[in-house]
Amino acid sequence: MYVDQYSIIKKPMTLGDVVTRLEAKTDLSTTKRRDLVSAVRTAARLLHRSPEDLPASVEDLRNRLADIHPVQASISLKRLANVKSGLVAAIEMTVTTCRIRKRQRPRSPAWATLVQSTPQKWQAYTLSRFSHFCSSQGIEPTDVSDDVLVRFEEHLSKEVLTKKPEKIVKITRQTWNGLAERVHPELPALTKPPSRRVLTRDLSTYPASFQADIEAWIARLETVDFLEDDGPAKALRPTSLRNVRACLRQFADALVKSGVKPDELLGLSDLVDPETVKRGLRYLRERDGGNRPSHHTIMAQLIAVARYHVRVSGDIEKVLKSIQAKVSVAYDGMTDKNRNRLGQFRDERNIDLLLDLPRHLVSKAGKVKDAGRNQALMVMHAVAIDILLACPMRIGNLSSLSIDQHLTWRGEGREQRVAIAIPGSEVKNRQPITIDLSVETSKLLDRYIHSWRPKLEGSSGNALFTQTNGNARTPSRFGQDISRTIKRETGIVMNAHLFRHLAALLFLDKHPGEYETVRRLLGHKNLNTTTKFYAPFETWRATERYETEVLQVRRAVK
DNA sequence: ATTCGAAGATGCTTTTGGTG
DNA sequence: CACCAAAAGCATCTTCGAAT
């Protein structure tokens with residue numbers, strides 16, 4: 001590489017330099033200096049790096065610090081906040097030359113009036129930081145433009161250690177536009193950037209004959225005519241029908257995006273011609289940067305359509321099958337993501353944290369003086385997690401538990417226990433679920449129903465985990481609630497379904513090879529399914545045993 | 001002063017029984 | 001017993017709202 005001999009090659013500043021400069025700073029009190037140096041060192045320690053190896057860049061440190069959770073790092077939330085604040089202050093003092101000072105001059109009169117007169121208090125909060133930023137830059141409310149928002153985002157990401165600058169910008173824009181639209185017509189509206197999400201064309205934008213053809217195909221899948229010879233053996237469930245529709249919509253969209261005119265799609269037969277299929281798949285592969293499971297699913301739907309609806313020749317069907325084979329994605333048992341998430345539980349501390357979480361949540365809720373909705377939700381999550389630990393059912397079944405239909409109380413007083421019974425028709429694989437909860441879990445459930453659930457709107461209904469409208473929480477919603485609570489309280493990243501894997505893992509850890517028990521616990525129909533999933537984890541135990549039995553010996557010898 | 005929560009919609013991924 | 005189809009589940013976006 002050619003290097004200009006006259007140019008001075010500057011090494012990027014590191015946190016090591018920040019410490020050196022801080023220590024040389026005579027205008028700081030000894031205490032202040034000590035605190036700042038400590039903050040920088042602690043931050044580096046949390047990141048498992050030496051200060052010299054970390055760039056003195058707020059932007060870079062934000063990303064690194066984003067994954068630090070106080071519980072996992074064994075420090076208090078407050079201490080972590082103090083460390084972050086000290087870190088930014090230290091960088092400001094030693095590295096950054098120009099920055100917008102916090103709490104400097106008051107905002108300009110126009111900004112002050114605007115923010116103080118918002119209809120809702122939260123709007124003032126939301127716009128607080130933005131208004132100070134603009135004011136300090138000499139930008140009045142009427143001068144606000146998309147460009148100003150860009151500079152605001154730059155300020156947030158380069159000079160402040162907030163978690164998600166882009167989210168703050170998004171909410172600022174939303175709040176601003178809300179005010180501009182409803183309260184202050186004189187204010188300029190901000191442009192909403194296009195969503196990065198792929199959205200397919202709505203089916204209603206295709207020719208009527210195409211829409212009708214799809215509906216006919218769906219209708220065929222959802223009804224069983226026992227007199228029909230080659231009809232489906234059983235009616236598909238609503239979820240599957242939704243997926244069929246989605247696949248066809250996504251493929252039609254792929255064709256349009258690759259240049260086919262929507263008007264040219266007159267029926268399903270226009271989707272399954274081999275050349276057309278290749279064209280669509282090429283587009284999808286290009287767009288997604290490789291094969292995806294969804295491409296394979298789409299292909300499967302197209303083949304079904306080709307075979308049973310369009311009734312293509314056997315030759316064509318063979319061609320389509322060979323195309324499908326080319327887009328398949330190798331998959332064995334469990335994905336890396338799930339494997340990694342389960343890996344968190346190789347640390348026994350995390351197992352304890354999770355097992356103890358229900359109790360922790362209840363006691364946390366109980367400590368609040370005027371406990372209200374939020375505390376009731378905490379106890380709701382405690383109950384959900386406790387049930388998942390005892391009986392790792394699918395989130396769909398958990399979220400729709402009904403007090404009247406699924407719960408039965410047995411026994412009296414201290415021995416009272418709650419039984420959960422879910423009929424097979426409500427379960428994914430049609431295996432009924434029956435479980436007697438432990439006395440402890442039953443007590444927790446009882447306390448939730450009698451003391452906490454009534455604090456929630458919608459508690460007059462039968463849903464154990466009620467929404468404000470009285471309906472049961474939706475599975476995806478409830479799953480997210482539970483994941484978030486677990487993440488917030490323990491730092492563990494998991495989803496509701498992982499409770500099933502975890503249960504199997506914990507049990508097999510204590511009782512190696514007892515797959516039959518795990519099969520019953522998880523309600524699998526086939527033992528095959530169980531072993532397929534969990535046999536790979538024997539490797540973990542193998543390395544652990546190697547560690548304890550062989551490496552320990554080495555230590556002893558040493 | 002700073003995000004956070006609820007809930008619906010939908011794209012995308014995973015699970016799981018069964019079959020060739 | 002590898003592979004596939006059915007039936008989920010998960011992640012993320014959107015919109016309307018607030019809590020600490």
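Proteins come first, then strands; the chains are lettered A, B, ... in the order of their sequence lines, and each starts at number 1. Since this is a predicted model, take the numbers as computed values, not measurements.
Taking CZ of A/R292 as the start and CZ of A/R287 as the end, the distance is 9.5 Å to the nearest 0.5 Å. Annotation: the span from A/H309 atom NE2 to A/W217 atom CH2 amounts to 7.5 Å, rounded to 0.5 Å. Here the CG-CD1 distance, from A/N495 to A/I482, works out to 10.5 Å after rounding to the nearest 0.5 Å.
Rounded to a whole Å, the CZ atom of A/R373 is 14 Å from the P atom of C/dG17. Atom CZ of A/R285 and atom P of B/dC12 are 16 Å apart (whole Å). Note: CZ (A/R242) to P (C/dA6) measures 16 Å, nearest angstrom.
Within 4.0 Å (heavy atoms only), A/Q467 reaches sugar-phosphate atoms of the nucleic acid but no base atom. Using a 4.0 Å heavy-atom criterion, one finds that A/T297 contacts no nucleic acid atom at all. Backbone-only contact: A/R287 has heavy atoms under 4.0 Å from sugar-phosphate atoms and none from a base. Using a 4.0 Å heavy-atom criterion, one finds that A/Q480 contacts the bases of the nucleic acid, with or without backbone contacts as well. No engagement by A/R245 is indicated, since no non-hydrogen atom pair under 4.0 Å with the nucleic acid exists. The residue A/H501 sits close only to the backbone: its heavy atoms come under 4.0 Å of sugar-phosphate atoms, none of a base. Among the protein residues, A/G178 comes within range of no part of the nucleic acid, since none of its heavy atoms lies under 4.0 Å from any strand. Using a 4.0 Å heavy-atom distance criterion, A/A304 is classed as making no nucleic acid contact. At the heavy-atom level, A/I171 lies under 4.0 Å from base atoms of the strands shown.
Under 4.0 angstrom from either OP1 or OP2 of B/dG11 there lies at least one side-chain N or O belonging to A/R249. Contact annotation: A/N495 does not reach the phosphate of B/dT14 (side-chain N/O to OP1 or OP2, under 4.0 Å). Within the 4.0 Å cut-off from OP1 or OP2 of B/dA7, at least one side-chain nitrogen or oxygen of A/R473 is found. Of the side-chain N and O atoms in A/Q123, none sit less than 4.0 angstrom from OP1 or OP2 of C/dC16. Dashed line: the shortest gap from a side-chain N or O of A/S294 to OP1 or OP2 of B/dT13 is under 4.0 Å. Listed pair A/R129 / B/dT2 meets the phosphate criterion, a side-chain N or O lying under 4.0 Å from OP1 or OP2. Within the structure, every side-chain polar atom (N or O) of A/H296 is placed at least 4.0 Å from both OP1 and OP2 of C/dA5. A sub-4.0 Å separation between OP1 or OP2 of B/dG5 and a side-chain N or O of A/R477 is absent. The phosphate of C/dA11 has OP1 or OP2 within less than 4.0 Å of a side-chain N or O from A/K337. Using a 4.0 Å cut-off, some side-chain N or O of A/T200 falls inside it from OP1 or OP2 of B/dG11.
Residues A/Y448 and A/P454 approach most closely at O-CD, 4.1 Å, considering heavy atoms.
At least one side-chain heavy atom of A/P392 sits under 4.5 Å from a side-chain heavy atom of A/L522.
Each of A/S483 and A/I303 lies near DNA chain C, and the nucleotide nearest A/I303 is the one positioned closer to the 5' end. Comparing A/R430 and A/Q174, the nucleotide of DNA chain C nearest to each residue sits closer to the 5' end for A/R430.
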Write out a two-atom table: protein N or O, nucleotide N or O from nucleotides 17-20 of chain B, distance below 3.5 Å.
unit_1: B/dG17; atom_1: OP1; unit_2: A/N429; atom_2: ND2; d: 2.8
unit_1: B/dG17; atom_1: OP1; unit_2: A/K525; atom_2: N; d: 2.9
unit_1: B/dG17; atom_1: OP2; unit_2: A/T529; atom_2: OG1; d: 2.3

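Each of B/dT14, B/dA6, C/dA6 was ranked by its minimum atom distance to the side chain of A/L236; first place goes to C/dA6. Ranking C/dA8, C/dG9, C/dA5 by closeness to the A/N243 side chain, first place goes to C/dA8. The A/F533 side chain lies nearest to B/dT15 when the options are B/dT15, B/dT13, B/dC12.
For the side chain to side chain donor-acceptor pair (under 3.5 Å) with A/T530, the lone residue among A/K525, A/R520, A/H524, A/E516 that qualifies is A/H524.
In this structure, A/F152 has its ring center under 6.0 Å from that of A/F130.
Remark: A/K364 engages A/E489 in a salt bridge, criterion side-chain N to carboxylate O under 4.0 Å.
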